[in-house]
Amino acid sequence: MRKRLFYLLWIALAVLFYLWSNSKAALLLVVILVAVVPVLVFLNVMAAGRISVETHVRQKDTEKNIISVGTVIHNRSWCPAFQVQIEMELRNLLTDSCVKRKFCTAVLPRHDSNYKFQVESLYCGKVEVDIQSVCVRDLLGISGFKAAFTGGDDCYIYPETLELSADIAELYQQKEETNEERYVHKKGNDITEILNLRDYQKGDTIKSIHWKLSKKLGHKVVKELDMPTSQEVILMMALSSEMENNEDARNLLAQKLLNVSELLLQEQIFYDAVLLREEGASCSLYSIQESKSRDWYEQRLLDGQLTWSRDCMENYMAEHHVLNKYASVILVTDQGIADWYSEYPQVMHIVADSF
């Protein structure tokens, strides 16, 4: 804007000088200054049509949650792009927070230009980078034309790892004490006893494959061990109505939830986990018995677009008879609903306040 005004001021001064002096040199100066404008506009039109922009994002420092965003501007024309103005948005889908960034750079003919910057993410979650607009302007900023750009990129910011809490250790001890009572033994008392053999199905773990027999039969055979009839533990989460849209509360709850899920798996406590989608329209139940299923659950949580409502979680618990099906119900909540279902002995509360 300043360049354009400054240039127009020069043209005005040149015209005034010509009117005052009536000299050919002043007239030539006016003609040159005026003729430059359409030339710049023409060059800008040619360059804007051959400009393309793409971006990528990755987590550079896992300890400090530093995100590195790189943008590549391709100029495939024989004309320079004097000003390529790019506006992009970084959005955390878990907390629904966003940061906007604008920058401007020049690109030589038949060259690529790289622009990088770093942002510290305050929250865990899936971070998406989307280009909002790309505008190519001439040297003086007189004309501007939109340029093509590809879709954005994304990366995951994972929470910090916590030490094993006393609550989880206590739950694990209770699980060990009641293990024999809750197992269904059809042929013996050894939980490693093979009760049945069947053909491999999609979704079976590699550990359950009977490799020697599979090699002999020529196809994969799976061992069915004496295991519980259902999971003993279910992991659930909710926020109070005052904290549902609070970015810090969502971040703390997600961090605590994911760390609890990891600690449970480390202690070989298999469990179910529930995620409710926005407005309670749908739900997902994850049966977690190995790292692969736990990683899938973690990514779905960090993807965001969830409902954090206590009411929606209450409806799910009532419709699916959660308190009757599970021996232990772990509720990860904020301090506002720390007494939620406290009258039930199988319910354990973990408050996501601070670490």
Is there a chain of hydrophobic side chains (I, L, V, M, F, W, Y, each step under 4.5 Å between heavy atoms) that links [X] to [Y]?
X      : Y      : answer
Val72  : Val129 : no
Trp340 : Tyr344 : yes
Leu43  : Ile73  : no
Val69  : Val134 : yes
Leu27  : Leu19  : yes

Query raised in the report: Are Asn44 and Ser143 close enough, and set up right, to give a side chain to side chain donor-acceptor pair (under 3.5 Å), and what steps lead you there?
Result: CA-CA 8 Å; Asn44 194 43; Ser143 63; 3.2 Å; yes

If I compare all heavy atoms of [X] with all of [Y], which pair ends up nearest, and what's the gap?
X      : Y      : answer
Ser309 : Ala238 : O-CB, 4.2 Å
Lys256 : Val351 : CE-O, 3.7 Å
Ala47  : Ser77  : CA-OG, 3.5 Å

Query raised in the report: Would you say Tyr156 has more than 12 foreign heavy atoms packed within less than 6.0 Å of its OH?
Result: yes

Can a side-chain donor-acceptor contact be found between [Y] and [X] if the only test is distance below 3.5 angstrom?
X      : Y      : value
Ser261 : Arg294 : yes
Asn92  : Ser97  : no
Ser240 : Asp334 : yes

Requested in this report: Apply the test salt bridge (charged side-chain N to carboxylate O under 4.0 Å, His left out) to residues Lys100 and Asp130: give CA-CA distance (whole Å), side-chain angles for both, the deciding distance (0.1 Å), then the verdict.
Outcome: CA-CA 10 Å; Lys100 292 188 177 182; Asp130 290 321; over 6 Å; no

**Report entry** Value rounded to 0.5 Å, distance of CG in Leu263 from CG in Asn259
**Finding:** 6.0 Å

Query raised in the report: Out of Ile157, Leu301, Leu93, Leu94, which residue meets the side chain to side chain contact (heavy atoms under 4.5 Å, CB included) rule with Lys126?
Result: Leu93

Query raised in the report: Taking Met236 as the fixed residue, which of Leu331, Thr333, Val347 is the one that meets the side chain to side chain contact (heavy atoms under 4.5 Å, CB included) rule?
Result: Leu331

**Report entry** Salt-bridge criterion met for Lys292 and Asp295 (N-O under 4.0 Å)
**Finding:** no

Query raised in the report: Does the pair Asp96/Arg91 count as a salt bridge with the N-to-O cut at 4.0 Å?
Result: yes

Report summary line: ring pair (Phe, Tyr, Trp, His ring centres under 6.0 Å) filter on Tyr316, not counting sequence neighbours, yields His320

Is a side-chain N or O of [X] found less than 3.5 angstrom from the main chain of [Y], in a donor-acceptor match?
X      : Y      : answer
Asn251 : Cys124 : yes
His210 : Leu213 : yes
Asp339 : Ser342 : no
Ser52  : Ala148 : no
Glu232 : Tyr271 : no

Query raised in the report: Would you say Val57 and Ser68 make side-chain contact, with heavy atoms under 4.5 Å?
Result: no

Query raised in the report: How would you list all residue pairs meeting ring pair (Phe, Tyr, Trp, His ring centres under 6.0 Å) that involve residues 66-105, not counting sequence neighbours?
Result: Phe103-Tyr115

Query raised in the report: Does Tyr286 have Arg300 sitting over its ring (NZ/CZ under 6.0 Å from centre, angle to axis within 45°)?
Result: no

